[in-house]
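The structure under discussion appears below in the form of structure tokens.
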Amino acid sequence: MSSTLYTSPRLDGFRMPAEHEPQEQVWMAWPTREDNWREKGKHAQKEFVAVATAIAQSTDVTFIADAKNYEQARLALPSKIRVIEMPSDDCWMRDIGATYVVNDQGERRANSWQFNAWGGELDGLYDSWEQDNAVAAKMATVTGDYVYHAPLILEGGSIHVDGEGTLYTTEECLLHPSRNPHLSKEDIEDLLKVYLNVEKIIWLKDGLYNDETNGHVDNIMHVVRPGVVALTDCEDSNDPQYAISKAALKVLSQAIDAKGRTLEIIKLPMPGPLFVSEDEAKNLVESDYMNRQVGERLAASYANFLITNNSVVFPTFGEKTDEQAKEILQKAFPEHKVIGVYARNILLGGGNIHCITQQVPEKCSIKAV
């Protein structure tokens, strides 16, 4: 019996649930890639463990690690966190993992997107991504779910949904010539509607400044709940992020979601700006694709958090804005435990807490009234 489906989620009555809906588990991958993580990932690994430990307060966590690094990961992680042997090229589980869809009868299935390392031959971040591209289908096998193979190059961090028919994304990423140059904006919208069963797509122009993913939406904004979004704000008119954030604010302020709502917008402060230090640029294997230069601007954002059951896990950077961000998030999520995890070394790799996690929703049936 094949695990591959040849229909579509929309045709079959499945939709992508929002992050605030119940989750069965969260998946992560062990960081070891030496051209991205200095000192063979030693610093980043500590922060991945801290993130996983925070998530595990509310949700089961599964890590993948290749055969060579399995024992290292197993020894480093708490015993209650599952570690399974599965190869990947790097560790951005949001982008390489399956995007799950559910229906109202308590069934769950998975989408496997096409992955090309954030740009393929045009501007990808590494030259071989076959292992990453195979993760989603393998993940679905472990979670016991049938798979749709979506004919679209797409990373999970480039989309947010509210679970009620609205999807948020950026033109910078989804319309980038390194993703699906043969498809028009309308073609891409159609595929998103078919594979995620959404009705309305709200397009921001750009993502965060100097984001090497070509502007993933999850690094500039987050869906708090239907009709409410959190957006990275910038008050320094001399900062290149200023115009990007103000343009995003304008789009969101004028948007109407799939249910006809205007949006409540919660502004998150921008940390920093933060830059790569001399020490942080050392001890990396040289790469033609990822160059960590001293003084390079980091795409730091508090919007790159994870909602998981009763918790919100967000990145901190040792900045004065950390506490302000926590207060704003706690007010936005009054029923949740808001947990800050120091994540500068994750940031140095090109993303943050949302980027390194991928949730598997619970199979929830809707009771007839």
Side-chain angles (χ1 to χ4, degrees), residues 18-23 26 28 43-44 46-59 61 78 94 157 160 162 168 207-209 211 216-236 239 241-242 244-245 248-249 252 263-275 297-359:
E19 210 169 292
H20 56 264
E21 295 184 52
Q23 296 172 17
V26 169
M28 299 176 68
H43 304 282
K46 290 176 184 172
E47 294 177 9
F48 273 60
V49 171
V51 169
T53 303
I55 294 167
Q57 293 182 37
S58 295
T59 312
V61 179
R94 177 67 48 182
H160 266 311
D162 70 353
Y168 300 83
L208 212 68
Y209 176 71
D211 184 340
H216 275 186
V217 77
D218 73 348
N219 211 23
I220 189 170
M221 65 154 281
H222 207 302
V223 176
V224 174
R225 55 187 167 273
V228 183
V229 297
L231 174 69
T232 298
D233 191 32
C234 177
E235 291 304 325
D236 179 1
D239 191 301
Q241 184 57 39
Y242 179 85
I244 296 170
S245 286
L249 179 63
L252 293 170
L263 302 174
E264 178 189 340
I265 302 158
I266 297 166
K267 292 181 182 179
L268 285 168
M270 188 186 75
L274 306 178
F275 303 90
R297 171 78 172 257
L298 293 164
S301 165
Y302 295 114
N304 206 301
F305 60 83
L306 175 73
I307 310 167
T308 179
N309 291 328
N310 300 317
S311 299
V312 171
V313 183
F314 81 101
T316 66
F317 306 100
E319 294 289 303
K320 62 181 183 292
T321 43
D322 289 353
E323 195 55 42
Q324 184 189 353
K326 184 172 185 176
E327 287 173 11
I328 292 167
L329 289 170
Q330 190 64 76
K331 190 176 176 185
F333 295 95
E335 306 298 320
H336 289 67
K337 183 174 185 180
V338 176
I339 308 166
V341 178
Y342 184 74
R344 179 165 178 115
N345 285 285
I346 301 173
L347 172 63
L348 288 167
N352 225 293
I353 289 171
H354 196 258
C355 308
I356 64 170
T357 55
Q358 179 61 285
Q359 70 275 3

Any idea which heavy atoms bring R297 and F275 closest together, and the distance? CA-CD2, 3.7 Å
Please tell me if the side chains of Y168 and L252 come closer than 4.5 Å, counting only heavy atoms from C-beta onward. yes
What heavy-atom pair brings R344 and L298 nearest, and what distance separates the two atoms? NH2-CD1, 3.7 Å
Are the side chain of S301 and the backbone of I220 linked by a donor-acceptor contact shorter than 3.5 Å? no
Donor-acceptor under 3.5 Å (R225 side chain, A332 main chain): yes
Locate the shortest heavy-atom distance separating P226 from D162; write the atom from each residue and the value. CG-O, 3.5 Å
Is a donor on one side and an acceptor on the other found under 3.5 Å between the side chain of S311 and the backbone of V313? no
Return the minimal non-hydrogen interatomic distance between M270 and A300, and the atom names on each side. CG-O, 4.3 Å
State, with a plain yes or no, whether a side-chain heavy atom of I244 is found less than 4.5 Å away from one of L208. no
Measure the shortest side-chain to side-chain distance between P269 and I328 over non-hydrogen atoms and say whether it is less than 4.5 angstrom. yes
Close side-chain approach of K46 to N345, heavy-atom, < 4.5 Å: no
Interatomic distance, CD@E19 vs CG@N309, rounded to 0.5 Å, equals 10.5 Å
Check whether N304 reaches the backbone of C355 with its side chain - one donor and one acceptor, N or O, closer than 3.5 Å. yes
In Å and rounded to the nearest 0.5 Å, what is the CE to CZ distance from M28 to F48? 5.5 Å
Under the 3.5 angstrom rule, does the side chain of Q241 hit a backbone N or O of C234 as a donor-acceptor pair? no
I need the T232 OG1 to N219 CG distance, nearest 0.5 Å. 7.0 Å
To the nearest 0.5 Å, how far apart are CG in D233 and CG in L268? 9.0 Å
Let me confirm one number: the OG1-CG distance from T316 to N352, rounded to the nearest 0.5 Å. 9.0 Å
Under a 4.5 Å cut-off applied to non-hydrogen side-chain atoms, are I307 and Q359 in contact? no
Examine distances only and state if a side-chain atom of E47 and a backbone atom of A44 form a donor-acceptor pair shorter than 3.5 Å. no
To the nearest 0.5 Å, atom CG of L274 lies from atom CD of E319 at 5.0 Å
I'd like to check D322 versus K326 (side-chain heavy atoms, cut-off strictly below 4.5 Å). Are they in contact? no
Non-hydrogen atoms of Y242 and E235 that approach each other most closely: CD1-C, 4.0 Å
Is there side-chain contact between F314 and F333, with heavy atoms separated by less than 4.5 Å? no
Taking all non-hydrogen atoms of both residues, which atom of I353 and which atom of T357 are closest, and how far apart? O-OG1, 2.9 Å
Are K267 and L249 close enough, and set up right, to give a side chain to side chain contact (heavy atoms under 4.5 Å, CB included), and what steps lead you there? CA-CA 9 Å; K267 292 181 182 179; L249 179 63; 3.9 Å; yes
Under the side chain to side chain contact (heavy atoms under 4.5 Å, CB included) criterion, do H222 and V224 qualify, and how do the steps go? CA-CA 6 Å; H222 207 302; V224 174; 5.7 Å; no
Single hit among H160, R94, H354 for side chain to side chain donor-acceptor pair (under 3.5 Å) with D218: H354
Do D211 and H216 have side chains that approach each other closer than 4.5 Å (heavy atoms only, starting at C-beta)? yes
